[in-house]
Amino acid sequence: MTGSSSEARLITPTMLGAWLVLATVPLWINAIGLYPYIGVEIVIWSIYALAFNLVLGTSGLPSFGHGAFFGVGAYAFGLTQFNIAANLWVCLAGAILAGAFAGLIVGLLIAHRRGIYFALMTIAFGQIFWTISVKWHSVTGGEDGLLNILRLPATFGVVSFDISDNETLYYFVLAVFAVVVMLLWRLVNSPYGRILSAIRQSETRTAHLGYNVWLYKLSVIVISAGLSGFAGGLFAMAQRSAFPDVMNLAQSGLIVMMTLVGGGLVSFWGPVIGVIIFLIARDVIGAMTNAWALYFGAMFVLLVLFRPEGIAGGAKLLMERWKARREASRVLSSAPRSG
Amino acid sequence: MALIEVEGVHVRFGDRVVLEEINLAVNEGELHGIMGPNGAGKTTFFNTLTGSVKPSRGRIRLEGADIAGLGPHAIARKGVARSFQIMTLFNDFTAQENVMVALPAFRARGFDVRRAVAGDSALADEANEVLASVGLGEKAAISAKLLSYGERRALEIAVALAQRPRVLCLDEPTSGLGTDGTTRLAELIAKLKGKLTIVAVEHDMRFLFSLADRISVIHWGQVVARGTPRELQENPWVKRSNLGSFG
């Protein structure tokens, strides 16, 4: 036995189900009192959360300054559009490269660290990037940010799609999300992904098996930062602007919270669940009270105390119990009756 | 020429000298035991040999090539595998996955992101073969954290064996094992003896004296006695030191 059959697939039934449900969102989102743009946000933040979970959930690296890479990608998207080429693919490539480069710089300096020292260094670097974004006014626009970023058309050769309205933008980011999910699913179930998981479980043992742990940690930080930058670029396009806020410590904390609430430590889909719950809670509870974050914070505390593996972990446990019960009743019903 | 040659190795942590002028030669195919009281420097020596600790000075040669100061991954790639006194398994993996990641064939694909591990029957078969060699053939699909203590000890050794090492370093392999477990482990190591060069740190004197070709006694960071088990049983220092019963 070498793992479950879904691990070997590029596209799993769960993926198909998730894409199908997400594809119908514009049809019913207004009917439940929400609005199409929240769908765009959910999908973009899901890409970011999945990228973040590569370092936290898969590799066990506690990064608390990941907003820096998301923000670098957002600024890179705008700056590429303004200064290099107003082409969607070039701008997105700029966001990926800028995020990955920022990840490389940070990774080179912290990949040899682990645990609390690693976490503190990520916070410090996050603050450095945030400070640069606020102070380097001539490039980033300071606290005013970069405004008037365009939602550029998606061109495929001679065919071009206008994605300037929220609905078409939603389908564009959903298509991107589908590709990202496939790639990340394959990555975490590949030999590379297994080694990252081994590093999470024991860096010492992994090193003594002949793996250059530092290089693996550096590489996953770069991949995660590049993908976070990509999500940041999509976010800048969706918002039509880029601000320093997305890089601050609180925003970096949000992605950690979303990932843990959803169950990123035990499930590939955990971060996506966390994003959906967080953003819907923000809008639904936020419509009732300004103190919505208090209620979400309380939920986070309760989850960490009673279900630290998050919602996906809880669901997994229920599923296992149900299977065990079903198996027990099957055995009982097939046993010969006596008396 | 000895396979492993340790010459004048000295390790200090700050002001504290932990190993002083350690000299040791281990021939190919030999089982060399390391014994000594708690705090003698045995584990530090082991960590130095396998790259976790860099020596302050001295040389460690593997087949003539100096490996002193190389990192653990570089030393592992040269064919030195180790087990840990405090078991260091991948608890979220099955027994088979623990062994699989240790295989050189898996390591060669380390940065491969195109293929999934699941369904790779060649890797699975190779891992199962190693598991069977330590008596865990039926436990391949069991999560490492669900195995019994003795099975986990056997899995520790299976992971090291999966690396296809030339030198196998065992750090207190009988630690925590009962009589039956120790007997089974002794049988396993006896089977490996001669096929591999083995360096074993061990407290269980009966175990070590029944298996080792030669034994070095480390005390206060120095090798204070060395010889065959028979020679050491007659060694007045060893007799005086109350290191345990020789049975």
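Residue numbers start from 1 in every chain, and the chains themselves are labelled A, B, ... in the order their sequence lines are given, proteins ahead of strands.
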Q) Does atom CD1 of B:Ile86 have more than 12 heavy-atom neighbours, drawn from other residues, nucleotides or ligands, at distances under 6.0 Å? A) no
Q: Could you please spell out the steps behind the side chain to side chain contact (heavy atoms under 4.5 Å, CB included) verdict for B:Glu97 and A:Arg194?
A: CA-CA 9 Å; B:Glu97 287 169 329; A:Arg194 283 289 192 281; 3.7 Å; yes
Q) Does the side chain of A:His208 come under 3.5 Å of the side chain of B:Thr88 through a donor N or O and an acceptor N or O? A) no
(Q) If we ignore hydrogens and angles and just use 3.5 Å, is the side chain of A:Gln201 paired with the main-chain N or O of B:Leu89 as donor and acceptor? (A) no
Q. Given that the side chain runs from C-beta out, which part of A:Arg200 has a heavy atom under 4.5 Å from chain B: side chain, backbone, both or neither?
A. side chain
Q: For chain A, find which of B:Ala140, B:Ala74, B:Gly110 contributes the most heavy-atom pairs closer than 4.5 angstrom.
A: B:Gly110
Q | Whether A:Tyr211 and B:Phe106 hold their rings parallel, tilted or perpendicular, with breakpoints at 30° and 60° | A | perpendicular
Q: Would you indicate whether B:Arg59, at its atom CZ, is surrounded by more than 12 heavy atoms from other residues, nucleotides or ligands within a distance under 6.0 Å?
A: no
Q.
Which heavy atom of A:Leu209 sits nearest to which heavy atom of B:Ala102, and what is that distance?
A. CD2-CB, 3.7 Å
(Q) Please evaluate residues B:Val159 and A:Arg205 with respect to the criterion side chain to side chain contact (heavy atoms under 4.5 Å, CB included), reporting the C-alpha separation (whole Å), side-chain torsions for both, the decisive distance (0.1 Å), and the verdict. (A) CA-CA 10 Å; B:Val159 171; A:Arg205 171 62 100 174; 3.8 Å; yes
Q: Might you point out which heavy atoms bring B:Phe111 and A:Ser219 nearest each other, and give the distance in Å?
A: CE2-OG, 3.8 Å
Q) Counting only heavy atoms not in A:Phe306, do more than 12 fall under 6.0 Å of its CZ? A) no
Q) In terms of heavy-atom pairs under 4.5 Å with chain A, which of B:Ala76, B:Ala162, B:Ala116 leads? A) B:Ala116
Q | Over all atoms of both residues, closest heavy-atom pair of A:Ser197 and B:Phe93 | A | OG-CE2, 3.4 Å
Q | Exceeds 12 heavy-atom contacts within 6.0 angstrom, atom OH of A:Tyr117 | A | no
**Q.** For A:Tyr192, the option from B:Asp112, B:Val113, B:Val117 that meets side chain to side chain contact (heavy atoms under 4.5 Å, CB included)
**A.** B:Val113
Q. Of the listed residues (B:Arg115, B:Lys78, B:Arg77, B:Arg109), which shares the most heavy-atom pairs with chain A below a 4.5 Å separation?
A. B:Arg115
Q. With a 4.5 angstrom heavy-atom cut-off, which part of A:Thr206 approaches chain B: side chain, backbone, both or neither?
A. both
Q. Rounded to the nearest 0.5 Å, how far does OG of A:Ser202 lie from CG of B:Asp92?
A. 11.5 Å
